[in-house]
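Structure record follows, encoded as structure tokens.
Order of the sequence lines fixes the chain letters, A, B, ..., with proteins taken first and strands second; residue numbering starts at 1 for each chain.
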Amino acid sequence: MAHQNHGSQMLTANRLRDGDVLYRKGDGWVLALADGDVFGDEAAAQAALAAAQGEAGRNEFVSPYLFEVRIVDGRIIPVKEREVIRAAGPTVRHDLGKQAGMVNV
Amino acid sequence: MSEIQPNMYRYDEFDARFVAERTAQFAGQVQRRLSGELTEDQFKPLRLMNGLYLQLHAYMLRVAVPYGTLSSRQMRMLAHIARKYDKGYGHFTTRQNIQYNWPRLVDVPDILRDLARVEMHAIQTSGNCIRNVTADHFAGASADEIEDPRPLAEIIRQWSSLHPEFVFLPRKFKIAVSGSPHDRAALAFHDMAIEIVKNAEGRTGYKVLVGGGMGRTPYIAQALGEFVEKQDILAFLESVLRVYNEQGRRDNIYKARIKILTNALGIEELKKLVAREFAEIKARGDLTVPREELDRITAYFAPPAFETLEDAMPFFDEKKGGDAAFNAWASQNIAKHRAPGYAIATISLKAVGAVPGDASAEQLDAIAGIMDRFSLGEVRVSHEQNLVLPHVRQRDLPAIFAALQAIDLATPNAGLITDIIACPGLDYCDLANARSIPIAQRIARKFADLDRQHDIGELKIKISGCINACGHHHAGHIGILGVDKKGVEFYQLQLGGSGAEDASIGEVMGPGFTEHEIAGAVERVVNAYLAARKPGERFLDAYRRIGMTPFKQAAYDMEAA
């Protein structure tokens with residue numbers, strides 16, 4: 001997914017076997033936004049995306065893409081509401097999703 | 001209470017084998033995807049053909065409920081799936097289906113096997129094919145019906161299931177059917193719709209509409225065939241699909257629906273093209289519906305053996321007193337049945353503050369029990385995201401109300417301002433730009449007072465979280481469309497839409513409102529209606545009489561209450 005911005009970004013995908021939301025960390029993936037890598041420049045973000053796309057044959061995740069974040073008081077906050085909700089769970093069901101400690105395993 | 005098998009279609013050997021084979025085929029495809037034999041690009045169209053999407057948080061499985069009819073046995077299975085494989089609930093959709101929001105890919109083959117055990121599946125609930133056929137949710141029960149539309153819906157289901165010519169259409173294709181002059185199935189907003197009508201000689205046949213739709217470019221369907229003979233309906237439908245398949249655009253997803261083709265060609269030119277195909281198919285003679293086959297299918301939907309009863313609705317005379325909560329429910333959620341002494345009861349899935357269309361596994365199980373005890377084992381899913389008990393004895397209504405109260409599903413708001421349609425929106429949907437559900441909840445809380453709701457009367461609010469319009473906002477008396485403006489949710493108001501027999505597309509009011517402003521704007525619009533209405537005039541009627549201006553002035557008057 002092409003991005004025009006040059007701010008901080010993260011790399012996300014969904015786990016193949018259960019659809020759970022993943023965030024890139026190093027060469028692997030983590031389940032919590034707060035634990036993921038933040039790429040401060042476009043080159044690093046694109047390199048991470050290219051690496052992930054090259055791992056598609058591992059059949060562990062699908063649909064990797066970059067999204068914008070900002071750091072507020074040391075916390076990672078997605079710029080778009082979509083990614084805020086994706087990182088937490090439905091705003092209308094706080095008992096579901098990552099906000100409830102729920103993992104689809 | 002034992003499980004009751006209602007009068008509805010039962011799989012024959014062919015149906016059972018077809019679903020079993022398809023379930024096994026998809027299980028194999030899942031396995032090949034997990035092992036890496038299939039890439040995601042190869043697998044995605046296969047999973048979509050089986051109703052499996054990848055949404056914001058997880059996969060989503062959309063299960064077909066053909067023409068919205070469910071038996072108690074099927075309802076119990078839906079509860080079982082919610083409990084065993086999902087997060088304890090399901091979501092009824094505006095196409096009379098049910099969606100599960102959290103299934104794991106590895107479990108989907110088991111889910112489909114369980115569904116097949118009760119004659120259900122998820123085939124053709126996605127993709128560019130003829131989708132699950134929808135119908136009037138009062139079919140076979142309503143007092144105003146000419147004929148039960150479900151036999152026709154079932155014939156269309158069988159004709160369209162894996163029809164080799166129509167598996168890869170330019171875009172999805174939605175068909176609705178109704179047998180009543182009162183349109184409860186939003187016929188005019190479908191790619192194709194069939195209304196059962198009587199001609200001058202008193203014979204029943206089919207009026208066929210084409211080219212309706214919502215989405216980015218909403219259109220009201222136009223009459224393509226005023227009276228199609230019953231035995232010719234499949235030949236006629238095939239003619240329309242053939243023209244669409246050949247001439248529908250495939251270069252632009254936003255211009256690929258038949259509504260675009262219909263309006264590009266003009267209805268008269270489309271009639272000519274369809275007539276040419278129709279003549280060819282008729283001459284071949286192999287798509288005539290045999291009388292005995294129509295009778296065979298119709299027999300599955302034979303009216304139940306209703307008891308001989310008299311109308312004795314205690315709540316008709318409110319002066320007699322009785323339980324006020326029951327009276328409120330009965331006066332709002334009960335519709336007139338075709339058989340004396342019976343009634344149609346709507347189970348509202350719109351409790352104030354609840355998620356429209358959601359039901360827990362426990363509620364689904366309890367509803368199955370109510371179906372067996374009071375409604376001949378049957379329930380309907382409405383496109384308004386409610387459930388309907390189609391055949392209940394009037395004398396049982398107090399007991400039904402009590403049973404529904406026990407599971408928090410006795411909200412007396414069918415057709416009122418808090419009976420809001422809302423798509424899953426950005427809380428779940430990968431395509432959404434804004435949330436829908438919290439807006440519905442806020443508006444419902446604002447109008448929670450039942451006396452106020454009754455004072456307002458019929459007012460249909462419909463909310464979509466993106467231009468795809470799954471929440472039918474174009475057809476709302478008040479429609480709300482969520483949009484994304486630089487990462488922030490905004491909500492546009494539309495007024496004057498209708499999905500009923502007086503179908504119309506809502507008019508956009510102007511600039512959008514923030515998530516914190518929109519419920520207040522709706523309230524000001526409603527207050528403007530209350531100030532301007534004439535006696536007996538619905539919101540929609542008042543809007544059609546006085547136009548947008550007074551409502552627009554009120555909506556943007558942020559200083560008002």
Side chain, backbone, both or neither of [X] within contact of chain A (heavy atoms, under 4.5 Å):
| X | result |
| --- | --- |
| B:Val106 | both |
| B:Thr39 | neither |
| B:Tyr89 | side chain |
| B:Gln55 | backbone |

| Tell me the salt bridge (Lys or Arg N to Asp or Glu O under 4.0 Å) pairs involving residues 30-40 of chain B, sequence neighbours left out? | B:Arg32-B:Glu37, B:Arg33-B:Glu40, B:Glu40-B:Arg47
| Residues two or more places apart in sequence or in another chain: which of them pass ring pair (Phe, Tyr, Trp, His ring centres under 6.0 Å) with A:Phe61? | A:Trp29
| request: Identify the heavy atoms of A:Ser63 and B:Leu54 that sit nearest to each other, and give their distance. | output: OG-CD2, 4.4 Å
| request: Taking all non-hydrogen atoms of both residues into account, name the closest pair between A:Thr91 and B:Pro438 and its distance. | output: OG1-CG, 3.8 Å
Does the side chain of [Y] come within less than 4.5 Å of [X]'s, by heavy atoms?
| X | Y | answer |
| --- | --- | --- |
| B:His57 | A:Ile85 | yes |
| B:Asp484 | A:Lys80 | yes |
| B:Phe43 | A:Val62 | no |
| B:Arg435 | A:Glu81 | yes |

| field | Heavy-atom proximity to chain B below 4.5 Å, by part of A:Arg58 | value | neither
| query | By a 4.5 Å heavy-atom criterion (distance strictly below it), what part of A:Val21 contacts chain B: side chain, backbone, both, or neither? | reply | both
| note | CG (B:Leu56) and CG (A:Asn14) are apart, to the nearest 0.5 Å, by 8.5 Å
| request: Check whether any side-chain N or O of B:Tyr59 sits under 3.5 Å from a backbone N or O of A:Arg17 as a donor-acceptor pair, and report yes or no. | output: no
| field | Expected output: side-chain A:Arg82 to main-chain B:Gly487 donor-acceptor under 3.5 Å | value | no
| query | B:Asp430, B:Asn433, B:Asp358, B:Val108: which one forms the most heavy-atom pairs within less than 4.5 Å of chain A? | reply | B:Asp430
| field | Among the listed options B:Val355, B:Val488, B:Leu426, the residue most often paired with chain A at heavy-atom distances under 4.5 Å | value | B:Leu426
